[in-house]
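Structure, as structure tokens:
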Amino acid sequence: MHAESTASAGLSRRSMLAGAVAGTAATLSASAASGAQAAEARPAGTAAAPAAADRITEQPDRTGGHARATVFKNVRPYGAQRPVDLTVVDGVVTAEPAPRGAKVVDCKGRIALPTLVDAHIHPDKTAWGEPWVTRNPASSIAEYTEEDVKLYHALRTPLKKRAERLMGHAVTQGTRAMRAHVDVAPAYDLVGVEGVGSARRALRHALDVEIVAFPQHGVVRTPGTKELLEEAARTGAIDRVGGIDPIGFDEALDEQLDIVFGIADRHGVGVDIHLHERAATGMESLRAIIDRTNALSLQGKVTVSHVFCVPGLPERELDRLAADLADARISLTTVAPSSDLVLPIDRLREHGVEVGLGSDGVRDSWSPFGNADMLHRSHLLAWVGDARLDEELEAAFRAGADGGARLLGLPEADLKPGSPADFLLVRGECLPQVVVDLPRREMVVRGGRIVARDGELVGH
């Protein structure tokens with residue numbers, strides 16, 4: 001798959017979507033029709049959200065009280081000219097001498113790069129690994145959601161197996177964590193949440209996963225969705241509750257946001273809202289999100305995804321908005337769909353707004369494209385941004401590696417002493433060249449353990 005054709009496909013798909021939500025979407029019938037851990041105390045009688053141990057990669061067990069140690073010899077961090085040895089003890093890079101009996105892995109001069117974070121992906125919808133799917137025409141969010149339901153019933157492989165297959169593939173390509181948006185609607189009940197939860201447990205040795213209950217069919221327009229979101233949060237099955245285009249799709253700005261933020265407040269989960277609305281409509285929704293975040297003291301627990309109303313803002317207006325987002329500690333995500341829809345990451349970061357990069361859908365009813373490869377997504381970010389300079393290519397990689405880590409509250413894996421030993425190995429000259437050429441991931445290491453080799457999971 002050529003990067004140019006992939007980027008063009010993303011442009012067509014997302015430009016259509018942005019235009020579709022600007023008007024009134026067709027009515028979707030009911031039949032067609034996560035996240036920060038709770039920092040505050042929960043009301044009596046409510047279930048706790050998944051503890052860190054339930055979503056964060058298992059730490060290595062000690063045997064007989066001895067540390068687990070590995071020396072990765074002859075690696076070139078970020079493409080350094082001279083190879084070095086990385087010593088890892090109990091999953092963390094250390095500057096101390098290797099303990100006696102440490103395992104040794106010769107990396108043969110390969111480049112070591114931090115593994116990446118997929119801040120926005122829909123693993124429940126995927127047809128990855130299934131027989132080819134012929135997609136039907138669709139031109140509105142409502143029509144696409146109808147196609148989602150058709151595909152869900154047409155695929156023979158259970159959702160949990162499809163999700164695990166895709167999430168495992170992401171690991172082999174160098175993803176160490178992801179935020180998974182999972183459709184919740186009467187058409188599915190909570191099957192997606194349960195299936196992705198099962199995949200999360202199966203891959204917990206290699207992958208950190210947050211689950212967002214995503215009301216793709218609308219929160220208000222599809223009766224029964226509100227109750228399912230509440231149940232998912234109450235039972236602790238999700239980390240975040242989602243929303244979608246409160247004005248352009250749900251046509252109920254205050255009602256939708258009151259429901260979503262009310263669930264988050266009651267059950268101590270975070271929020272991640274899809275916002276495809278553009279221009280004044282999008283800004284009205286975004287301002288309402290900021291207001292509710294501050295009113296409910298949910299600072300640091302709210303993300304807005306896509307945010308197509310932000311690209312193209314005049315500089316002064318962008319600066320004011322970014323300052324308000326930073327004050328509310330609201331983070332954003334982009335999937336780099338096109339030059340006119342990708343977020344101005346550098347300018348937002350200057351104001352302290354965290355921005356993550358994600359895959360979005362992967363071979364679902366919306367699009368035949370997508371591969372859950374975050375190095376490739378960094379490549380696409382550089383492509384749509386017309387990157388030429390080495391520092392621009394490196395910044396695209398950092399958006400995929402560090403931006404998502406900050407957004408999910410994970411430590412950055414910078415290969416320095418004290419950082420988690422999460423890295424991938426590739427052949428190449430330097431980091432910018434790797435972003436352009438996308439070499440094969442020869443090895444993926446998670447917490448000092450090799451979890452994938454040459455595109456295949458190991459120890460699974």
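Quick note: residue numbers are just sequence positions, from 1. We use all heavy atoms of the structure for the numbers below, so side chains are in, but hydrogens, waters and symmetry mates are not.
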**OP:** Kindly indicate, with the supporting measurements, whether the criterion side-chain contact (heavy atoms from CB on, under 4.5 Å) is fulfilled by L393 and L431.
**Re:** CA-CA 8 Å; L393 294 165; L431 174 54; over 6 Å; no
Original post:
Would you say Q216 and D148 make side-chain contact, with heavy atoms under 4.5 Å?
Top reply: yes
Subject >> Verdict with reasoning, I263 to R266, per side-chain contact (heavy atoms from CB on, under 4.5 Å) >> reply: CA-CA 5 Å; I263 291 171; R266 283 192 296 278; 3.6 Å; yes
Original post:
Are D239 and V212 close enough that some pair of their side-chain heavy atoms sits under 4.5 Å apart?
Top reply: no
Original post:
CG of D85 to CG of N74: how many Å apart, nearest 0.5 Å?
Top reply: 6.0 Å
Original post:
How many angstroms lie between CD in Q173 and OG in S359, if you round to the nearest 0.5 Å?
Top reply: 11.0 Å
**OP:** State, to 0.1 Å, how close V355 and T334 come at their nearest heavy-atom pair, and which atoms those are.
**Re:** CG1-CG2, 4.4 Å
Subject >> Whether F308 and H276 hold their rings parallel, tilted or perpendicular, with breakpoints at 30° and 60° >> reply: tilted
Original post:
Do R179 and T303 have side-chain N/O donor and acceptor atoms under 3.5 Å apart?
Top reply: yes
**OP:** State, yes or no, whether a side-chain contact exists between N371 and W128 at a heavy-atom distance under 4.5 Å.
**Re:** yes
Subject >> D437 side chain to P439 backbone, donor-acceptor under 3.5 Å >> reply: no
Subject >> Nearest non-hydrogen partners of H169 and A372, listed with the distance >> reply: CD2-CB, 4.3 Å
Subject >> Check: R440 side chain, D454 main-chain N or O, donor-acceptor pair, under 3.5 Å >> reply: no
**OP:** Could you go through the salt bridge (charged side-chain N to carboxylate O under 4.0 Å, His left out) check for E130 and R165 one step at a time?
**Re:** CA-CA 10 Å; E130 298 295 293; R165 177 196 295 155; 2.7 Å; yes
Original post:
Is it true that a side-chain atom of R446 and a backbone atom of A452 form a donor plus acceptor pair closer than 3.5 Å?
Top reply: no
Original post:
Which distance, rounded to the nearest 0.5 Å, do you find between the NZ of K103 and the OG1 of T70?
Top reply: 6.0 Å
**OP:** Over all heavy atoms of both residues, which pair between A180 and V209 is shortest? Give the atoms and the distance, please.
**Re:** CB-CG1, 4.2 Å
Subject >> Minimal non-hydrogen separation, G448 against V88, with atom names >> reply: CA-CG1, 3.7 Å
Original post:
Going by heavy atoms in the side chains, are E230 and E227 under 4.5 Å from each other?
Top reply: no
Subject >> Nearest-0.5 Å distance, CD1 of residue I111 to CZ of residue R427 >> reply: 11.5 Å
Original post:
To the nearest 0.5 Å, how far apart are OH in Y152 and CG in D183?
Top reply: 10.5 Å
Original post:
Under 3.5 Å, is there a donor-acceptor pair linking the side chains of D386 and S339?
Top reply: no
Subject >> Matching residue for L155 among R162, K125, K150 - test: side chain to side chain contact (heavy atoms under 4.5 Å, CB included) >> reply: R162
Original post:
Which heavy atom of I121 sits nearest a heavy atom of M178, and at what distance?
Top reply: CG2-SD, 3.8 Å
Original post:
Just wondering, do H120 and H181 contact through their side chains at under 4.5 Å, heavy atoms?
Top reply: yes
Original post:
Which pair of non-hydrogen atoms, one from A382 and one from A396, has the smallest distance, and what is that distance?
Top reply: CB-CB, 3.8 Å
**OP:** May I ask you to test the M443-L424 pair for a side-chain heavy-atom distance under 4.5 Å?
**Re:** no
Original post:
Quick check: does any side chain N or O of T126 sit under 3.5 Å from a backbone N or O of P123, one acting as donor and the other as acceptor?
Top reply: no
Subject >> Audit row: D106, K73, salt bridge (charged side-chain N to carboxylate O under 4.0 Å, His left out) steps and yes/no >> reply: CA-CA 5 Å; D106 188 355; K73 294 182 66 66; over 6 Å; no
Original post:
Picking from I289, L286, L275, V219, what satisfies side chain to side chain contact (heavy atoms under 4.5 Å, CB included) with P246?
Top reply: L275
**OP:** State, without any angle test, whether T115 and D422 hold a side-chain donor-acceptor pair at a distance under 3.5 Å.
**Re:** no
Subject >> Atom CD of Q81 with >12 non-hydrogen neighbours under 6.0 angstrom >> reply: no
Original post:
Do the ring centers of H217 and Y188 come within less than 6.0 Å of each other?
Top reply: yes
**OP:** Could you tell me whether the side chain of R135 and the main chain of D364 form a donor-acceptor pair under 3.5 Å?
**Re:** yes
Original post:
With side chains defined as the heavy atoms from C-beta onward, is the minimum distance between R441 and T172 less than 4.5 Å?
Top reply: no
**OP:** Indicate, with yes or no, if the rings of F214 and H122 have centres closer together than 6.0 Å.
**Re:** yes
Original post:
To the nearest 0.5 Å, how far apart are CZ in R406 and OG in S331?
Top reply: 11.0 Å
Original post:
Between D272 and S305, is any pair of side-chain heavy atoms under 4.5 Å apart?
Top reply: yes
Original post:
salt bridge (charged side-chain N to carboxylate O under 4.0 Å, His left out) between R349 and E354: does it pass, once the steps are laid out?
Top reply: CA-CA 6 Å; R349 283 285 300 144; E354 302 295 355; 2.9 Å; yes
